[in-house]
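Counting begins at 1 with the first residue of the sequence.
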Amino acid sequence: MKCAFVCSGGGLKAYAFHLGALRALEEAGFRRTSAADPREPAVADDLDLKIQSYIGSSAGACVAAACIYFQTIEEAEGVIGLKKSTHPRFRPRTLFRPNLSFLSNRTGVFDASAVERYFRERATDNDFRTIGPEVYICATQLNGSQKVVFGPREFQQRGTDERFIAYVDDVPISQAIAASISVPGIFRPYPIVHQPGGEPTEYIDGEVRETLSVHIARDTGVDLVIVSNTWMPYHYDAETGSISRRGLRSVLNQALTQIIEQKVDRVRNEFDRYLVAMETMRGFGREQGWPESTIDELIRRVSSILRYRRMEEIYICPDRHDTEFNLAPPPTVASRRTTDPQPLCFPGKVEKW
């Protein structure tokens, strides 16, 4: 059974949440594969709870790197100060290196090159194609319409989406992370040279086109996908009152979270509709007395057109009533960090996708 962990963006808050989700998964019997582990083919009847694939955008890309380069969750938590760690912390000068060309081009206040160097120096292997687990990191073309998936495979997605999705395997992992975290306006677009002597291609944050790239799990033969999503809007409670009392920043953060949550819900609802459609076709075929082989072939052909493949799915998200967590803006790790970091790491719930 091939298992994938898919994690959303959302700044340092998302990084902490995803690590807490991974800790909970380890306590439930799952184990992570690291860059040093050999890549093993998935076996259909293998019930070993081993995460063989990591899929992330933005902060989720950093979590994927932490999963493969750090031996323990504690080491990954130490990077943002939740625990002590032998690895250097993400200092402000690492995450927010000034873009020295900002005054001339005004494309972003900060430069993700320091983040690229941080992961390059931590990397035991910086090549998607040779590390043990499969890692897929998403970014968005600045000068085009494609979502680009950096990983161990290179192909154009077949079907109607081929203009919008490309898989690329010739980029170092550290550069893919830098491209994926380059939030427009905050970071300048990150340039990557794909051909020696060629013109660089510029990339921006991987969540611009899509928040949770569950389709990558489907495209790469995953049987069980675990989705960790941190985007949860504030829901009114009498004690906190209206979010408008907290100022413009909170209102804008709430609006952004609502936009992203709607994108996530659309994907979840799409999978639900596919499942209902397949079951409806199967039921109709049986009512008409069609042979099971005919029904199976019809479902196979329709599934191919829709690019649908059945997977087992687990969905992890914040509790909608956790006001403190949901109001915390993405760049922060919230105030609970200094007194009791563990609840912050995973103040969420688990449900079926």
Legend entry - Salt bridge flag under 4.0 Å for residues R31 and E26: no
Legend entry - Minimal non-hydrogen separation, D125 against I173, with atom names: O-CD1, 4.0 Å
Inset, instruction - Inspect the contact between E270 and R266 and indicate whether a charged nitrogen and a carboxylate oxygen are less than 4.0 angstrom apart. - result: no
Legend entry - Any Y190 side-chain heavy atom under 4.5 Å of L142 side chain: no
Legend entry - Flag for Y167-D219: side-chain donor and acceptor within less than 3.5 Å: yes
Inset, instruction - Taking the six-membered ring for Trp and the full ring for Phe, Tyr or His, determine whether the centres of F30 and F5 are under 6.0 Å apart. - result: no
Inset, instruction - For the pair R120 and E116, find out whether any cationic side-chain nitrogen is under 4.0 Å from an anionic carboxylate oxygen. - result: yes
Legend entry - Residues K2, D223: salt bridge by 4.0 Å N-O rule: no
Inset, instruction - Please answer: with hydrophobic residues joined when any side-chain heavy atoms are less than 4.5 Å apart, are L306 and L298 in the same cluster? - result: yes
Inset, instruction - Quick one: closest heavy-atom pair of V193 and G198, and the distance? - result: CG1-O, 3.8 Å
Inset, instruction - Indicate whether any N or O donor in one side chain lies under 3.5 Å from an N or O acceptor in the other, for R218 and Y308. - result: no
Legend entry - T140 and Y203, any side-chain heavy atoms less than 4.5 Å apart: no
Inset, instruction - Supply the atom-to-atom distance T257 OG1 to I260 CD1, rounded to the nearest 0.5 angstrom. - result: 6.5 Å
Legend entry - Least distance between heavy atoms, G11 atom then A59 atom: O-CB, 3.4 Å
Inset, instruction - Please name the pair of heavy atoms, one in T230 and one in G9, separated by the smallest distance, quoted to 0.1 Å. - result: OG1-O, 3.2 Å
Inset, instruction - Considering only NZ, NE, NH1 and NH2 on the basic side and carboxylate oxygens on the acidic side, decide whether E207 and K263 come within less than 4.0 Å. - result: no
Legend entry - Shared hydrophobic cluster, V183 / W231 (ILVMFWY, side-chain heavy atoms < 4.5 Å): no
Legend entry - Nearest atoms (heavy-atom pairs only) where E210 meets V267: OE2-CG2, 4.3 Å
Legend entry - P329 vs R249 side-chain heavy atoms within contact, under 4.5 Å: yes
Inset, instruction - Check the hydrophobic clustering (I, L, V, M, F, W, Y; side-chain heavy atoms under 4.5 Å; chains of links allowed) and say if L256 and V251 are grouped together. - result: no
Legend entry - Test: R117 cationic atom under 6.0 Å from F119 six-membered ring centre, within 45° of axis: no
Inset, instruction - Working to the nearest 0.5 Å, report the span between CD1 of I131 and OH of Y54. - result: 9.5 Å
Legend entry - Side chains of T220 and R153, donor plus acceptor under 3.5 Å: no
Legend entry - Sidechain N-carboxylate O distance under 4.0 Å for R282, E292: yes
Inset, instruction - Take E27 and R23, measure what salt bridge (charged side-chain N to carboxylate O under 4.0 Å, His left out) needs, and give me the verdict at the end. - result: CA-CA 6 Å; E27 292 174 354; R23 181 186 293 277; 5.2 Å; no
Legend entry - Cation-pi check, R268 onto Y315 ring (under 6.0 Å, within 45° of axis): yes
Inset, instruction - Mark yes or no: K147 above the aromatic ring of F164, with NZ or CZ under 6.0 Å from the six-membered ring centre and no more than 45 degrees from the axis. - result: no
Legend entry - ILVMFWY network linking V6 to F271, side-chain heavy atoms under 4.5 angstrom: yes
Legend entry - Min side-chain heavy-atom separation T130-D127 under 4.5 Å: yes
Legend entry - Aromatic ring pairing H194/F150, orientation class (parallel under 30°, perpendicular over 60°, tilted between): parallel
Legend entry - Cluster link Y234 to F17, ILVMFWY, side chain under 4.5 Å: no
Inset, instruction - For Q195, look at atom CD and say whether over 12 heavy atoms of other residues, nucleotides or ligands are found less than 6.0 Å away. - result: no
Legend entry - Distance-only side-chain donor-acceptor flag, N253 / S250, under 3.5 Å: no
Legend entry - Distance-only polar pair, side chains of S182 and D205, donor-acceptor under 3.5 Å: no
